[in-house]
Amino acid sequence: MKKDTVNQKIKLLYFQYRDFLFPCFIMLICIVLFTVVVIPQIQEVISLENQLAANRDKLEILQKNFQQITGLDDQTVNNDFTLTTTALPLQRDPVAILNTISHAANLTNISLKDYNFEVGKVTSKTTTSVQPVQLNLFVKGDLGNIQKFVHQLLNGFPLASVDTIDITGTASAKLQVAFYSQPFVSPSFDAKEPLQLLNTNDNAMLNQLTAWKTSSQ
Amino acid sequence: MQQERTLQLFKRIAMGFLLVTSGSSLLLFILTLSPALPSLKQQENNVMTNLSFTQGKVAKYLLVKNRLTLITGILKNRYPLESVVATLLQQIPDDVSLNALSVSNKTLSMNLSSDSVLSLNTALNNITALMNNNKIIKKMVLQGISANQGSTSYVLTIKGDLL
């Protein structure tokens, strides 16, 4: 009896509101579609925009790098390369070292009594660090000329350092000199990263090296 | 009557929902089809291709930069032996002779001689002043001052640690 009453009430409500069912169904479908389709689409568009922005930045960097590279003068780059690799050779170069020593001795009126050095491996595949070649030089000349000789060595190529000096009397000295070299290191260049141009310090160093090269000739 | 108006409102809302959902979906779909990304990729590839023609130049340029950094490091760490010796020699008066000078591993050994003790004293004072002014010399030891019988010259020996 009670069940019949409930069924009758439901039927009554159905007949009263059945016209609302279709719009409600449409609204429900729209909400479901919005959640399932449109929201992911929004996320996709946002991600696409981010990707576009990143690509635009990347392209900007690439174009800037290309402009900077093409703006570099080939001759200047070659000259700088020669200058820096002469100052700091890619491998131990005994001939260049001997030339530097004899050139410095000639310029400063120093006579070389004796010298000995151990070159070791001319090229090394295992090490990429700066490799000094140690030399013991026994030179003859007055104090002033010995000083000039040291100056000449320190301001010549390949780069050297005088680590020890033993002056005996005013006519001779024993010097321990190190000549530097550094093996070739493959340059790592990521075109998508901004190219590091030579800064003020680099240019100042290039000028100094050029001045040393000119003065030692 | 009231129900009729409510129904109309529901229908309009449902239509609105339908339009908004389908419209926004279509619009977003069109946005995802934007040709900007492929075009950017194409431009990127073009620039990369152009850059590949300048690889040699780039490699040289980067090597120059690398060498300059290394050279700066070497020169920065190089002991200024030339100026140390020059400064030490400047402290010696003209009538004092340098018998021996050794600078090695930041240690100094100096042997001076002169006929005048006063001049040797001047040299000693000058070198001491360097130490007191924190220039070149960190620590100094006067090894001795000697004179030989039959000789008029005096010999001064100094040892020290360099800065």
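Here the structure is a predicted model, which means the values were calculated and not measured. Side chains included, hydrogens not; waters and symmetry mates left out as well; all remaining heavy atoms used. Residue numbering restarts at 1 for every chain, and letters A, B, ... go by the order of the sequence lines.
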For the interface with chain A, which of [options] has the highest count of heavy-atom pairs at distances below 4.5 Å?
{"options": "B:Leu98, B:Thr6, B:Leu7", "result": "B:Leu7"}
{"options": "B:Asn111, B:Val20, B:Leu75, B:Thr69", "result": "B:Leu75"}
{"options": "B:Leu70, B:Val85, B:Asn105", "result": "B:Leu70"}
{"options": "B:Leu27, B:Leu18, B:Thr107, B:Val64", "result": "B:Val64"}

With respect to chain B, which residue among [options] yields the maximal number of heavy-atom pairs within a distance under 4.5 Å?
{"options": "A:Val77, A:Ile69, A:Leu28, A:Thr85", "result": "A:Ile69"}
{"options": "A:Asn55, A:Thr70, A:Leu88, A:Ile29", "result": "A:Leu88"}
{"options": "A:Asp202, A:Leu83, A:Thr168", "result": "A:Asp202"}
{"options": "A:Leu33, A:Thr76, A:Leu153, A:Ile26", "result": "A:Ile26"}

By a 4.5 Å heavy-atom criterion (distance strictly below it), what part of [X] contacts chain A: side chain, backbone, both, or neither?
{"X": "B:Phe29", "value": "both"}
{"X": "B:Leu89", "value": "side chain"}
{"X": "B:Ile74", "value": "side chain"}
{"X": "B:Gln3", "value": "both"}
{"X": "B:Asn99", "value": "backbone"}
{"X": "B:Met48", "value": "side chain"}

Residue [X] versus chain B: region with a heavy atom under 4.5 Å:
{"X": "A:Pro158", "answer": "neither"}
{"X": "A:Leu154", "answer": "both"}
{"X": "A:Leu143", "answer": "side chain"}
{"X": "A:Asp163", "answer": "backbone"}
{"X": "A:Phe81", "answer": "both"}
{"X": "A:Ile167", "answer": "both"}
{"X": "A:Ala160", "answer": "backbone"}
{"X": "A:Lys58", "answer": "side chain"}
{"X": "A:Gln196", "answer": "both"}
{"X": "A:Gln16", "answer": "both"}
{"X": "A:Leu52", "answer": "both"}
{"X": "A:Leu206", "answer": "both"}
{"X": "A:Leu195", "answer": "side chain"}
{"X": "A:Val37", "answer": "side chain"}

Evaluate the side-chain proximity of [Y] to [X]: yes if any heavy-atom separation is below 4.5 Å, no if none is.
{"X": "B:Ile13", "Y": "A:Met27", "value": "yes"}
{"X": "B:Phe10", "Y": "A:Cys24", "value": "yes"}
{"X": "A:Ile165", "Y": "B:Leu81", "value": "yes"}
{"X": "A:Leu198", "Y": "B:Tyr61", "value": "yes"}
{"X": "B:Lys65", "Y": "A:Asn199", "value": "yes"}
{"X": "A:Gln67", "Y": "B:Val47", "value": "no"}

Atom of [X], atom of [Y] and distance for their closest heavy-atom approach:
{"X": "B:Lys11", "Y": "A:Pro23", "result": "CG-CG, 3.9 Å"}
{"X": "B:Ala86", "Y": "A:Gln147", "result": "CA-NE2, 3.5 Å"}
{"X": "A:Leu48", "Y": "B:Leu31", "result": "CD2-O, 4.0 Å"}
{"X": "B:Lys57", "Y": "A:Leu72", "result": "NZ-O, 2.6 Å"}
{"X": "B:Arg67", "Y": "A:Pro183", "result": "NH2-O, 3.3 Å"}
{"X": "B:Ser24", "Y": "A:Phe34", "result": "OG-CE1, 4.2 Å"}

To the nearest 0.5 Å, what is the distance between [atom1] ([X]) and [atom2] ([Y])?
{"X": "B:Glu82", "Y": "A:Ser161", "atom1": "CD", "atom2": "OG", "value": "12.5 Å"}
{"X": "A:Asp74", "Y": "B:Thr54", "atom1": "CG", "atom2": "OG1", "value": "10.0 Å"}
{"X": "B:Gln42", "Y": "A:Leu59", "atom1": "CD", "atom2": "CG", "value": "11.0 Å"}
{"X": "A:Thr84", "Y": "B:Asn66", "atom1": "OG1", "atom2": "CG", "value": "9.0 Å"}
{"X": "B:Leu37", "Y": "A:Glu49", "atom1": "CG", "atom2": "CD", "value": "10.0 Å"}
{"X": "B:Leu28", "Y": "A:Glu44", "atom1": "CG", "atom2": "CD", "value": "9.0 Å"}

For atom [atom1] of [X], decide whether the heavy atoms of other residues, nucleotides or ligands shown that lie under 6.0 angstrom number more than 12.
{"X": "A:Asn50", "atom1": "CG", "value": "yes"}
{"X": "A:Lys140", "atom1": "NZ", "value": "no"}
{"X": "A:Glu60", "atom1": "CD", "value": "no"}
{"X": "B:Tyr154", "atom1": "OH", "value": "no"}

Query raised in the report: Within the distance-only criterion (no hydrogens, no angle test), does the side chain of A:Arg56 pair as donor or acceptor with the backbone N or O of B:Leu40 below 3.5 angstrom?
Result: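 Checked: no pair found.
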**Report entry** Short side-chain donor-acceptor distance under 3.5 Å, A:Gln41 and B:Ser25
**Finding:**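 On atom types as modelled, these side chains qualify, holding a pair under 3.5 Å.
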